[in-house]
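Structure record follows, encoded as structure tokens.
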Amino acid sequence: GVPWSASTGRWLQRTLGEPGFETLAYKTKNAADHGASCLIIVDNPAGWRKQVGLTEEMGPIDTDASAGGPVPVIHITRNTLIKLTDMSRAELNLLAIEIGQEMKPQSMLLRGRQFRWKASMTGQARIGRNIIGILPGRDEKLRREAVVIGAHYDHLGEGAAEEIYFGANDNAAGVGAMLSVARALAALPQPPRRTLIFVAFDAEEIGRLGSKYYVSKPPLPIDHTAMMINFDMIGRNEPNGVYAVGTRSSRDVHQIHQDANRHIGLKLTHPESFRLGRSDHSPFYYARVPIMYLFGGLDPDYNTPEDT
């Protein structure tokens, strides 16, 4: 999480150009700057993972934190934290709730503890692929600018018990929307003025690796990218309503999409949170590209084999 800001009366939010206080990369550097020799991370015992029923499987928490960080970072399970703190699971959960309610840290010294670890990496490197289609713009000048329309096509694969995670809503629905938009715009008598780049991103589920790679090596320069539209999980929302996330990243985008919606009549909800770190719009936002992330909200089958 992030600290509470008494001056604004809300949880500390990142705005364009400010450090990402919620990211592990920032936390690691901040801890090292204050003299820490190691950072040990555990998932929030009262956090969202409990609601969606995920297991405590180790994985990348924040791929923005590079292996060459200032101090070692270790991700541990809650069972390991229980051993380190001599607290029960219920006590840890209560501690997390108190931090959220009282809006201040509950720091403590763990005297007499020794922590030793040994790390190794096994397995083979995997190749990910972004799938890209480009519709060149018609305007001689504006065609040098891009509007990116994307959705991630990867999901969670197979589980340990040979369960298949189909990912119909997360995110076949988004890919279907992106393809439908591409088909419709390609069928216009003449293309839009700007160049449109349609992207099916890979490896979103393990840290938005596909969209990060795109931002680092785009077909058109990222500073010539006028906007990024992201579709993720839009198959289970109310038929006439959708979350339009991050539109306030640009005053123009926030106004234009609402003007366009007058011809359609969707019920648009604009949450304060930009859901950064949760989907492929995030790397574009961090690269100062205006975003609009269309999202239908969480559903009971999120990240389960029942997402069909």
Worksheet item: Tell me the salt bridge (charged side-chain N to carboxylate O under 4.0 Å, His left out) pairs involving residues 149-163, sequence neighbours left out?
Response: none
Worksheet entry | Pair Tyr213 and Phe201, ring centroids less than 6.0 Å apart | no
Worksheet item: Are Met178 and Ile134 connected in the hydrophobic side-chain network, where two residues link if heavy atoms are under 4.5 Å apart?
Response: no
Fill in: Salt-bridge criterion met for Arg236 and Asp299 (N-O under 4.0 Å)
yes
Fill in: Flag if over 12 foreign heavy atoms under 6.0 Å of CD, Glu98
yes
Worksheet item: Which heavy-atom pair separates Ile234 from Ala177 by the least distance, and what is that distance?
Response: CD1-CB, 3.6 Å
Worksheet item: Can you name the nearest heavy-atom pair linking His155 to Asn303, along with the distance?
Response: CE1-OD1, 3.6 Å
Worksheet, complete the sentence: With His152 as partner, the option from Asn230, Asp280, Asp170, Asp202 fulfilling side-chain hydrogen bond (donor to acceptor under 3.5 Å, both in side chains) is Asp170
Worksheet item: Angle class for the Phe295/Tyr243 ring planes (parallel below 30°, perpendicular above 60°, tilted otherwise)?
Response: tilted
Practice prompt. Please collect all salt bridge (charged side-chain N to carboxylate O under 4.0 Å, His left out) contacts where either partner lies in residues 172-188, sequence neighbours excluded, each pair once.
Written response: none
Discussion item. Going by ring pair (Phe, Tyr, Trp, His ring centres under 6.0 Å), name the pairs with one or both residues in residues 249-268, residues two or more places apart or in two chains.
Written reply: His254-His257, His254-His270, His257-His270
Discussion item. By the definition side chain to side chain contact (heavy atoms under 4.5 Å, CB included), identify the one residue from Asp301, Asn237, Asp307 that meets it with Asn169.
Written reply: Asp307
Fill in: Distance-minimising heavy-atom pair for Cys38 and Trp117
SG-CH2, 4.3 Å
